[in-house]
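Okay, so here's the structure we're looking at.
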Amino acid sequence: MKFKRSITKLLAVAMSLVTVFAVFSACGTDPDSEDIDTTKTQLRVHSFDGGVGSDWLRELKPKFEAAFADESFETGKTGVQILISADQTYYNATTIKTSPINVFFLEAGSSVDLSSSGAALKITDVLTDTTYGDTIESRLTDRQKEAFKYNDEYYVLPHYEFYGGLAYDIDVFDEKKLYMSETAGQWTNLAGKKSLGPDGKADTADDGLPATYEEFYALCDRMVRQGVTPFMSSGNADYANYLLQALFANYVGADGAYYNVSFDSGDKTTEIVTGFNGNTPITEQKKITPATGYLLSQQAGKYYALSFLEKVLSSDSWKNELSFASTTTHSEAQEEFILGYLENKPYGFLLDGAYWYNEAVKSGAVGRASAVYDNVESRRFGWMNLPRYASGTVSEGKPVLADLAYSYCVINGNLSGNEAIANVAKEFVKFAYNEENLQAFTAKTGVMRGLKYELTDEQVESMSTFNQTMYNLRKDADVVQPVSSSAIFVNNQAAFSWNIGKDFWASTISNSEVKYPFTVLKQGSSHKSAKTYFEGMKITQEKWNSSYGKYFD
């Protein structure tokens, strides 16, 4: 097993790191601990310390403290001391209320619950403030403005976005001539004329990448012929759901994806599967209203995404014994993907979240690999614009990114009776969301906050190749946040979540509910086809009316 060989090479480095960490652990060292300065006002800020990390907050802290060093918020005190709490605690509307933390940067939260429960302080004045020029509200999309308002007031702000999908190894693509030629069925190197790619436009970043599922499958077969293993992935079923969501959104488009939380297509339509001819879906274009929302369970893009995943999982030559294995963690998959090319056993794709490279740097995978190979940090990776069609000719169209983070910034609602700390918290949030600090966040992490802003050319150039491709793709994409003011969604958010609860991909098979297609599409005794899984997702009109009829008006 190649991963075990990699671990053997890195054992000495890993053991030295374990020793160092053990010393710190034994001493109870917390990198964010500090003594209370009683001459200053304290503001306690929590950051969910996942793939995005919290170094961005550690860099923001001294900037804010310096900017407000001469401000007094409490009698007898001058200046502010930010106390950071960084861990992987999932705070919710219940646990926030009783927490001593003042400001939260959350993942996997519910904007509806946070806004309606009193857990979050009203921050309309923060979003409409002009201290730093453009208001925060002006950086929200119209859909966000509508969805984030509760009783016509704001209580939450989007924190970071993350999208599922595929990273690809640019070095491998360049060396192995894995770009599609403008001549169908042929391949080219960097000097040759590439195909238009998924966006259907020439001279863009996705030129030469597969635009259809058929082209993608052909690419994977070529990889195998060129000595490349197409896929590396952890065995976590969540990651397969991330890929499904990304494929689905890119297939149906931004509007088609959004109908799954708005339940209103207006004058537009979306492609619905009404039956099958063998394994070929029969489809019709249908309008969506609250009363016909059940049709969305059979959206064609969902079937094609499932068929894509089944193809990947059933093609033995496209993966090795580590790919999708239950024992392979996400950090191991990241390290194996990084090392593959350097060990002459390259991979084409890594199935992960768009934050993966920042996470690999943070977790030490990049550092561990650098201890063995001199050129690890010069490795080049990109984020794929996924195929938009199952087959056929591709027309021009924007990439679509489905935001799966449900990541929000809130001020603790228990500050409603503490004007001094509430004021500090509001100033901190305004400062964190001014243009300079929005840019600094992305330049540091490679991840976008869920608002409208752009980086300078110098900031983009300072980022890793992967983070540059991620930023440039996002800049050209339609990003769909699964939030809506629809009564159906507001009152049943868990049922329509793209991540929380995983109900979006739920299917009933043999009278049992399954929420992870990965568990039944992979080969084995429990294997079921994409068609079987998709048909099990169907919601009848009767069931829809029974569950959601009271929200139709």
Side-chain angles (χ1 to χ4, degrees), residues 28-49 54-87 89 91-106 109 114-137 150-157 159 408-438 440-441:
T29 300
D30 177 352
D32 297 312
S33 66
E34 57 182 295
D35 294 332
I36 299 294
D37 184 343
T38 57
T39 69
K40 298 178 179 180
T41 293
Q42 279 71 47
L43 185 71
R44 291 171 169 79
V45 181
H46 171 77
S47 167
F48 182 80
D49 200 37
S54 301
D55 285 346
W56 65 271
L57 180 56
R58 297 183 182 103
E59 293 185 2
L60 182 66
K61 165 186 162 72
K63 292 167 64 176
F64 180 80
E65 289 175 341
F68 286 81
D70 298 324
E71 298 292 328
S72 177
F73 292 91
E74 295 179 285
T75 302
K77 296 184 179 184
T78 302
V80 179
Q81 181 184 22
I82 302 296
L83 300 175
I84 295 174
S85 164
D87 56 44
T89 301
Y91 284 94
N92 57 38
T94 300
T95 54
I96 284 174
K97 293 177 183 179
T98 57
S99 172
I101 295 169
N102 309 129
V103 178
F104 294 84
F105 292 93
L106 308 168
L114 292 167
S115 299
S116 63
S117 65
L121 191 71
K122 182 170 65 177
I123 54 172
T124 305
D125 54 340
V126 172
L127 272 73
T128 56
D129 185 84
T130 58
T131 299
Y132 299 102
D134 292 341
T135 67
I136 298 172
E137 184 181 41
Y150 177 75
N151 289 339
D152 209 34
E153 301 283 0
Y154 290 109
Y155 294 83
V156 303
L157 259 175
H159 180 24
Y408 304 111
C409 170
V410 299
I411 297 174
N412 200 327
N414 66 19
L415 292 180
S416 59
N418 188 338
E419 184 176 0
I421 306 303
N423 287 339
V424 179
K426 288 182 177 183
E427 291 300 330
F428 178 75
V429 172
K430 285 188 282 187
F431 188 80
Y433 279 81
N434 70 30
E435 183 173 49
E436 176 186 340
N437 289 317
L438 289 172
F441 175 86

Out of curiosity, [X] [atom1] to [Y] [atom2], how far, rounded to the nearest 0.5 Å?
X      : Y      : atom1 : atom2 : result
Thr41  : Ile421 : OG1   : CD1   : 5.5 Å
Glu435 : Ile136 : CD    : CD1   : 12.5 Å
Asn414 : Ile101 : CG    : CD1   : 10.5 Å
Thr135 : Asn434 : OG1   : CG    : 12.5 Å
Leu157 : Ile123 : CG    : CD1   : 4.5 Å
Ile84  : His46  : CD1   : NE2   : 11.5 Å

Partner set under ring-ring contact (aromatic ring centres under 6.0 Å, His included) for Phe428, not counting sequence neighbours: Phe64

Qualifying residues under ring-ring contact (aromatic ring centres under 6.0 Å, His included), relative to Phe73, sequence neighbours excluded: none

So which atom in [X] and which in [Y] form the shortest heavy-atom distance, rounded to 0.1 Å?
X      : Y      : result
Leu415 : Ala425 : CD1-CB, 4.3 Å
Asn412 : Ser99  : ND2-O, 3.2 Å
Gly109 : Tyr408 : O-CE1, 3.5 Å
Ala69  : Thr78  : O-CG2, 3.4 Å

Restricting to salt bridge (charged side-chain N to carboxylate O under 4.0 Å, His left out), what partner residues turn up for [X], sequence neighbours left out?
X      : answer
Asp87  : none
Lys430 : Asp129, Glu427
Asp49  : none
Glu71  : none

Residues in side-chain contact (heavy atoms from CB on, under 4.5 Å) contact with [X], at least two apart in sequence or another chain:
X      : value
Ser117 : Ala93, Lys97, Ala119
Ala420 : Glu74, Asn418
Lys122 : Thr124, Glu153, Tyr155
Thr95  : Tyr91, Asn92

Does any part of the side chain of [Y], heavy atoms only, come nearer than 4.5 Å to the side chain of [X], both counted from C-beta?
X      : Y      : answer
Phe431 : Tyr132 : yes
Glu137 : Tyr154 : yes
Tyr433 : Leu127 : no
Glu34  : Gln81  : yes
Ser85  : Asp32  : no
Leu83  : Ile36  : yes
Phe68  : Lys40  : no
Val45  : Leu60  : no

Derivation and outcome, salt bridge (charged side-chain N to carboxylate O under 4.0 Å, His left out), residues Glu59 and Lys63: CA-CA 7 Å; Glu59 293 185 2; Lys63 292 167 64 176; over 6 Å; no

Any residue meeting side chain to side chain donor-acceptor pair (under 3.5 Å) with Lys426, in chain and number order, not counting sequence neighbours: Asp125

Asn102: side chain to side chain donor-acceptor pair (under 3.5 Å) partners, not counting sequence neighbours: none

Aromatic ring pairing Trp56/Phe105, orientation class (parallel under 30°, perpendicular over 60°, tilted between): perpendicular

